[in-house]
Amino acid sequence: MRRPLVAGNWKMHGTRQSVESLLQGLSQQDWPSDVDVMIAPPALFIQQCRDALTDLPVRLGAQSCAYQAEPGALTGEISPAQLRDAGCEFVLVGHSERRSLFAETDEIVCRKFAAALACGLRPVLCVGETREQRDAQLTAEVVGGQLQVILDTFGVGGLAQGVVAYEPVWAIGTGLTAEPEQAQDVHAMIRARLAMLDDEQAQRVQILYGGSVKADNAEALFSMPDIDGGLVGGASLNADEFGAIVRAAGRA
Ligand code: PEP
């Protein structure tokens, strides 16, 4: 059985003060024992979160990392080794905002995936199609292509050391959630593609759904057989809402 994981991506939100009150809210949640929980704050607040999370079953992740593990002349970047040293266990790679606004190609995403694994982080590989690509019935091709670069380098076993997050770009931050069956279709397609290469490993890969997940749609999404939890943006900035989403994963 795959254990559900719910991850919160705080994106570029927060001040020390607002982070403190969000952490306070998280400390008051009732966390189910059968769901893994992770938050990815802006890098500036990782230390603050680490100090506050010591007694909570909430793990730390980062929103991105440099594409190399070794220290070097990469002004402005944070290496996966530094993130690990700061207490992170996960790192998002290939989030659609990184792909579209920061020109991250599949090759760069693959280097980040490799660097994260080399440093003992679990990379959360984000994949997903745009509205235009969906309308042109290119979802399988686009998502398959984003996965293939990783599979060519690491195989399904390597991918299984990380996590996959299917995030249709048209659903991110728009309030337009994919219907549970619509998301399940893509999750099943992803798993079938992995299973063609290695069925045993494919059954182990956690595939999260992301895109306007809220407390009131989470359970229906997480009840789908190939949806193993969620990557939550906006709703993870509200401790009660995020707690409710995590509990929905426990019930689903
Ligand atoms: C995200 O940023 O990964 C995301 C899914 O955002 P939202 O939940 O706000 O759509």
Side-chain angles (χ1 to χ4, degrees), residues 4-14 18-19 22 25-26 35-43 45-46 49 58-65 88 90-102 104 109 112-113 116 122-131 133-134 139 142-143 146-147 162-180 182-184 186-187 190 206-222 224 226-249 252:
L5 167 67
V6 177
N9 172 14
W10 291 5
K11 310 199 189 196
M12 198 175 70
H13 291 286
S18 72
V19 166
L22 184 44
L26 293 177
V35 180
D36 287 333
V37 186
M38 180 268 272
I39 54 166
F45 304 126
I46 286 173
C49 291
V58 177
R59 292 137 188 253
L60 260 181
Q63 298 174 17
S64 183
C65 67
C88 288
F90 294 85
V91 61
L92 309 185
V93 296
H95 191 279
S96 67
E97 287 152 19
R98 301 292 315 173
R99 292 180 191 263
S100 66
L101 302 173
F102 300 94
E104 283 188 11
V109 172
K112 291 187 172 200
F113 193 98
R122 290 193 75 193
V124 180
L125 173 72
C126 304
V127 297
E129 81 289 0
T130 63
R131 178 87 259 169
Q133 289 164 335
R134 172 164 280 265
T139 301
V142 170
V143 170
Q146 291 167 336
L147 282 171
V163 176
V164 175
Y166 168 58
E167 298 207 298
V169 179
W170 48 269
I172 296 180
T174 58
L176 294 173
T177 321
E179 293 300 323
Q182 212 176 15
Q184 164 61 22
V186 181
H187 283 235
I190 292 172
Q206 287 166 303
I207 309 177
L208 313 184
Y209 169 78
S212 298
V213 176
K214 305 262 182 319
D216 62 8
N217 61 24
E219 193 166 345
L221 285 159
F222 299 161
M224 293 289 129
D226 288 293
I227 300 185
D228 306 316
L231 177 53
V232 185
S236 70
L237 295 169
N238 178 312
D240 290 340
E241 174 108 16
F242 187 61
I245 293 170
V246 172
R247 290 188 288 278

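The first residue of the sequence shown is numbered 1, and numbering continues consecutively from there. Whatever order the structure lists ligands and atoms in, that order sets their numbers, starting from 1.
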**Prompt:** Just which atoms of ligand 1 are under 4.0 Å from any heavy atom in Ser212?
**Reply:** 7 (P), 8 (O), 10 (O)
**Asked** Does any N or O atom in Glu97 lie less than 3.5 angstrom from one in ligand 1, N or O only?
**Response** no
**Message:** Closer than 4.0 Å to some heavy atom of Gly211 - which atoms of ligand 1 meet that?
**Reply:** 5 (C), 10 (O)
**Prompt:** Between Gly173, Gly233, Ala165, which one has a non-hydrogen atom sitting closest to atom 10 (O) of ligand 1?
**Reply:** Gly173
**Item:** Polar atom proximity, Gly234 to ligand 1 (N or O, under 3.5 Å)
**Value:** yes
**Prompt:** At the 4.0 Å heavy-atom cut-off, does Ala171 count as touching ligand 1?
**Reply:** yes
**Asked** Taking C-beta and beyond as the side chain, do Val186 and Tyr209 meet within less than 4.5 Å on heavy atoms?
**Response** no
**Asked** Looking only at distance, does Thr174 have an N or O less than 3.5 Å from an N or O of ligand 1?
**Response** no
**Asked** When only distance counts, is Ala235 in polar contact with ligand 1, meaning an N/O pair under 3.5 Å?
**Response** no
**Asked** How would you list, by chain and number, every residue that makes a ring-ring contact (aromatic ring centres under 6.0 Å, His included) with Phe113, sequence neighbours excluded?
**Response** Phe154
**Prompt:** Do any N/O atoms on Gly210 end up under 3.5 angstrom from N/O atoms on ligand 1?
**Reply:** no
**Request:** Name the orientation class of the two ring planes belonging to Tyr166 and His187 (parallel below 30°, tilted from 30 to 60°, perpendicular beyond 60°).
**Result:** perpendicular
**Request:** Tell me yes or no: between the side chains of Lys112 and Ser64, is some donor less than 3.5 Å from an acceptor?
**Result:** yes
**Request:** For atom 1 (C) of ligand 1, grab the closest protein heavy atom and report residue, atom and distance to one decimal in Å.
**Result:** His95 NE2, 3.2 Å
**Request:** Give the intermediate values and the outcome of side chain to side chain contact (heavy atoms under 4.5 Å, CB included) for residues Arg122 and Arg59.
**Result:** CA-CA 11 Å; Arg122 290 193 75 193; Arg59 292 137 188 253; over 6 Å; no
**Fill in**
among protein heavy atoms, the one nearest atom 5 (C) of ligand 1 is Glu167 OE2, 3.0 Å
**Message:** Can you tell me how far apart CD1 (Ile207) and CD1 (Ile190) are? Round to the nearest 0.5 Å.
**Reply:** 5.0 Å
**Message:** Can a donor-acceptor pair be found, under 3.5 Å and without considering hydrogens, that links the side chain of Ser212 to the backbone of Ala171?
**Reply:** yes
**Message:** Using a 3.5 Å distance criterion without hydrogens, assess whether the side chain of Gln63 forms a donor-acceptor pair with backbone atoms of Asn9.
**Reply:** no
**Asked** In ligand 1, which numbered atoms sit nearer than 4.0 Å to a non-hydrogen atom of Asn9?
**Response** 1 (C), 2 (O), 3 (O)
